[in-house]
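Only one structure is covered here, and it is reproduced in the block below.
What you see is a predicted model, and the numbers here were worked out from it, not measured in a lab. All values below were derived from every heavy atom in this structure, side-chain atoms included, with hydrogens, water molecules and symmetry-related copies excluded.
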Amino acid sequence: FIARGDERAPATVLDACPVSLGRLARTRQLLRVPFDDAVLYADEVDGPRAGHDLAKLTRAVAALTSVRGLAAIDSALAGFILGVVPAERVAFIDCDGGAVTARSGWSSAGNRPLEVDAGIVRQATERRTASIVEAGGRRVLAGPMIAFGRTTGAVWVEAAEGTTALDQGHLRLLLVMTALAAVAREE
C-alpha cells in the first residue's frame with residue numbers, strides 16, 4: 001500500500017494473535033451507525049474527508065482483488081484497516097445462524113490474546129449496525145461483514161490504549177471495506 005501526504009503508512013508487519021469470544025466487563029455504547037445508512041445513504045459527508053476516504057477505498061479494492069484465499073484476504077484487510085484507522089488489533093468473526101466463532105486475529109502490537117465481546121459482535125450482525133464501543137478501557141469499532149445482502153461475519157477493531165479519535169467516518173470506512181472483503185471471501 002502507498003501512503004501519500006499526511007496519511008499514516010499502513011502497518012507492514014502483523015502478528016497473528018489468538019482471539020477469544022466472551023463477555024467483557026465495563027462496555028459502553030458510544031455511537032451506532034446502521035449499515036444501509038453508512039453505505040447506501042451516506043450523502044452528507046465532509047468533502048475533504050470523503051476524498052481521502054475514497055482514495056483509501058480505491059487502494060483497498062486493488063489490494064483485495066489481488067489476493068486469493070481466506071487467510072490472505074484476512075491478512076490484507078487487517079493490514080489495510082490498521083493503516084487507515086487509529087487502531088492496533090483486528091479480529092474477524094464468522095457468523096453461522098446464531099453462532100459466532102473467531103476466524104482470525106491480527107495485531108501491529110505483538111501477539112497477546114485479543115478478547116472480543118461476543119454480545120457486541122452478535123448485536124452488530126443481527127442489527128446490521130457498526131458501533132464505537134468502550135470495552136475494557138479501550139475504544140473498539142465493531143461491525144458486520146455483509147455480502148450479497150446477508151451478514152457473513154463481523155469485524156472487531158481495537159484502538160491503541162488511550163486512543164479516543166474514532167468517529168463516524170471511521171465506522172463508514174470500515175463498513176465499506178468489510179463489505180468489499182465479504183464479497184471477495186464469497187467468490
Rounded to the nearest 0.5 Å, how far apart are [atom1] of [X] and [atom2] of [Y]?
X	Y	atom1	atom2	answer
Trp106	Asp15	CH2	CG	9.5 Å
Thr178	Leu173	OG1	CG	9.5 Å
Gln123	Thr27	CD	OG1	9.0 Å
Glu158	Glu115	CD	CD	8.5 Å

*Looking just at side-chain N and O atoms, do Asp94 and Thr101 make a donor-acceptor pair shorter than 3.5 Å?*
no
_Audit row: Val155, Ile93, side-chain contact (heavy atoms from CB on, under 4.5 Å) steps and yes/no_ = CA-CA 6 Å; Val155 62; Ile93 312 299; over 6 Å; no
Contact check, side chains of [X] and [Y], non-hydrogen atoms, under 4.5 Å:
X	Y	result
Cys95	Glu126	no
Pro113	Ser20	no
Met177	Leu77	yes
Ser131	Leu171	no
Val140	Leu166	no
Val121	Trp156	yes

Which pair of heavy atoms, one from [X] and one from [Y], lies closest together, and at what distance?
X	Y	result
Ser108	Ala87	OG-O, 4.4 Å
Gln168	Ile132	N-CD1, 4.4 Å
Ala102	Leu21	N-CD1, 3.6 Å

_Met145 vs Thr151, test: side-chain contact (heavy atoms from CB on, under 4.5 Å). Steps then yes/no._
CA-CA 6 Å; Met145 294 182 76; Thr151 304; over 6 Å; no
Flag yes if [X] and [Y] sit in one hydrophobic cluster, no otherwise; membership is Ile, Leu, Val, Met, Phe, Trp, Tyr, and two members link when side-chain heavy atoms are under 4.5 Å apart.
X	Y	result
Phe92	Ile120	no
Leu14	Leu114	no
Val133	Leu141	no
Val100	Leu24	yes

*State whether the side chain of Arg103 and the backbone N or O of Gly153 hold a donor-acceptor pair below 3.5 Å, judged by distance alone.*
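Judged by distance alone, no pair lies under 3.5 Å.
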*Output yes when a side-chain donor or acceptor of Ser107 lies under 3.5 Å from a complementary backbone atom of Cys17, and no otherwise.*
no
_Ion pair check, Arg138 and Glu88, cut-off under 4.0 Å_ =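 A salt bridge links Arg138 with Glu88.
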